> 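Here it is: the structure, laid out below.
Note that the structure is a prediction, hence the values are computed from the model and not measured.
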Amino acid sequence: YMVVPALFFFKAKVTRTLDIDSSMSKSSTDQLRGLFIVIMVIHHISQRMANPGLLTPFNDMGYYAVGIFFFLSGFGLTKSFKRKNTYLDKFFTKKIVKIYIPFVIVNTLTIIAIRMKGDDLSVLEILGYSLSIKMIDTTQWFIVAILIFYVFFWLSFITTANIVKSQISITVLVFLFIISCKYLSLGGWWYISSLCFPMGVIYAANEKKLFEIIYNKYNFVIALSLVLFILTLVLFLKSIFPAMGLISCVFFTLFIIVISFKILPCSKLFSMIGIISMEIYMIHMKVLALFIYFLPFDSSLIIIPYFISL
């Protein structure tokens, strides 16, 4: 609880005036990715410990870490689209294939490790696991979801030159994704954070207008987003309203993003981690499997050597 915040906020700058260019700069978003990939990894570790101890609060933090990633992905794609009219021309090569090929390689290496261990897999299972038609590692749902959202983005922006219609289209597609997940009885982790992706798209598409609103009402937006996050979180955890998880993620993401407008981190470590956050996500459970196999996994202190090896 002390080390991660200390490393992240070390040398951080607190600005009195908001600046639209620095508020969501590449440096700032890379560091946010770095911070929340660490939180996501700790979340997965805590879920697999019989007695997580100090890591217990991380059990339910996965939704919110993923929400930040979805927001930043939607924001980054839309900013790039606005800067370059030709951005979608090689979209599948630059974005989707760039993620999918390493994903397939990691899955294939996992299959090889399973075979070396002595477990049998049929040809269809090997093919399905390799191509991610089936989940060999259930935490990899995030990679599948982000690839689906990338396709949604491409469809929404390639079919119309009207950016308002594109925003509506991608929001509708994500709602259809949520409905599909519910219909297929997929776990809540598949969809609870998903509204943050169109949220990032909408913010980037209307950045100047929305930034001006936040600038003029900064303290109000911070207070309101925090209060609504806490309220919806309590309702979600008590299972009073099932949809509260979706809304809770939106308000948490809003709170973190608005906070980052004034507190500008300057951590080279988290910037570096953020740049390779997707690669870390793909392999972190494989490294964890090795630790479980070779070392006792009954103390939260195991997280120290785990991160050193990762």
> Which heavy atom of Ser169 sits nearest to which heavy atom of Ser156, and what is that distance?
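Of all heavy-atom pairs spanning Ser169 and Ser156, the closest is OG-OG, 3.0 Å.
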> Should the pair Lys82-Glu207 be classified as a salt bridge under the 4.0 Å nitrogen-to-oxygen rule?
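Result for this pair is no, no salt bridge flagged.
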> Check Tyr191 against Leu246 and note the closest heavy-atom contact, atom names and distance.
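The pair with the smallest heavy-atom distance is O-CD2, 3.1 Å.
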> For Tyr215, does the OH atom sit with more than 12 other heavy atoms under 6.0 Å from it, leaving out its own atoms?
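Not buried by this count: 12 neighbours or fewer within 6.0 Å.
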> Just jot down the side chain to side chain donor-acceptor pair (under 3.5 Å) partners of Ser28, sequence neighbours excluded, or say none.
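Here no residue qualifies.
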> Hey, what's the ring geometry for Tyr150 with Phe91, parallel, tilted or perpendicular (30° and 60° as the breaks)?
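Because their plane-to-plane angle is over 60°, the rings of Tyr150 and Phe91 count as perpendicular.
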> Of all heavy-atom pairs between Met282 and Val106, which one has the smallest distance, and what is that distance?
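That would be O-CG1, 3.6 Å.
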> List in chain and number order the residues that pass ring pair (Phe, Tyr, Trp, His ring centres under 6.0 Å) with Phe71, two or more places apart in sequence or in another chain; answer none if no residue qualifies.
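Ring pair (Phe, Tyr, Trp, His ring centres under 6.0 Å) check on Phe71 returns nothing, list empty.
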> Is the number of heavy atoms from other residues, nucleotides or ligands under 6.0 Å of Trp189 CH2 greater than 12?
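No, because the 6.0 Å sphere around CH2 of Trp189 holds 12 heavy atoms or fewer from other groups.
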> Could you tell me whether a side-chain N or O of Tyr129 sits under 3.5 Å from a main-chain N or O of Leu121, the two making a donor and an acceptor?
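A pair under 3.5 Å: no.
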> Should the heavy atoms of other residues, nucleotides or ligands under 6.0 Å from OH of Tyr87 be counted, would the total exceed 12?
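Enclosed: over 12 neighbouring heavy atoms sit under 6.0 Å from OH of Tyr87.
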> Suppose we call two aromatic rings close when their centres sit under 6.0 Å apart. Are Tyr203 and Phe211 close by that rule?
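For Tyr203 and Phe211, the ring centres are not under 6.0 Å apart.
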> Does Glu212 have more than 12 heavy atoms from other residues, nucleotides or ligands lying within 6.0 Å of its CD?
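Atom CD in Glu212 is not packed in, count stays at 12 or less.
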> Please check if any side-chain donor atom of Asn107 sits under 3.5 Å from a side-chain acceptor atom of Ser130, or the reverse.
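Absent: no donor and acceptor within the cut-off.
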> Using the ring centroid of each side chain, check whether Phe36 and Phe69 are separated by less than 6.0 Å.
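Ring centroids of Phe36 and Phe69 are no less than 6.0 Å from each other.
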> Using modelled atom types and a 3.5 Å cut-off, is there a donor and acceptor pairing between side-chain atoms of Thr86 and backbone atoms of Asp89?
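No, because the side chain of Thr86 does not come within donor-acceptor range (under 3.5 Å) of the backbone of Asp89.
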> Taking the six-membered ring of Tyr218, is the NZ or CZ of Lys262 close enough (under 6.0 Å from the centre) and on axis enough (within 45°)?
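Yes.
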> Decide whether Ser27 and Gln31 meet the rule of one side-chain donor and one side-chain acceptor closer than 3.5 Å.
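Note: Ser27 and Gln31 side chains meet the donor-acceptor criterion.
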> Taking the ring of Phe236 and the ring of Tyr63, is the distance between their centroids below 6.0 Å?
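Judged by ring-centre distance (under 6.0 Å), Tyr63 and Phe236 do meet the cut-off.
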> Is a side-chain donor-acceptor pair under 3.5 Å present for Asp137 with Thr139?
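The answer is yes; a qualifying pair exists.
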> Locate the shortest heavy-atom distance separating His43 from Ser46; write the atom from each residue and the value.
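Closest approach of His43 to Ser46, heavy atoms only: O-OG, 2.7 Å.
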> List in chain and number order the residues that pass side-chain contact (heavy atoms from CB on, under 4.5 Å) with Ile105, two or more places apart in sequence or in another chain; answer none if no residue qualifies.
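By the side-chain contact (heavy atoms from CB on, under 4.5 Å) rule, Ile105 matches Ile101, Leu109.
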> Can you confirm whether more than 12 heavy atoms, excluding those of Lys268, are under 6.0 Å from its NZ atom?
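Check fails, neighbour count at 12 or below.
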> If the plane angle is over 60° it's perpendicular, under 30° parallel, otherwise tilted; pick one for Phe149 and Phe177.
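It falls in the perpendicular class, over 60°.
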> Decide if the gap between the ring center of Phe157 and the ring center of Phe81 is smaller than 6.0 angstrom.
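For Phe157 and Phe81, the ring centres are under 6.0 Å apart.
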> Check whether more than 12 heavy atoms from other residues, nucleotides or ligands sit under 6.0 Å from atom NZ of Lys134, and answer yes or no.
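Buried by this count: over 12 neighbours within 6.0 Å.
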> For Thr78 and Phe153, work out which heavy atoms get closest and say how close.
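Shortest heavy-atom contact: OG1-CE1, 3.6 Å.
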> Closest heavy-atom contact between Val250 and Met199?
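Heavy-atom minimum between the residues: O-CE, 3.6 Å.
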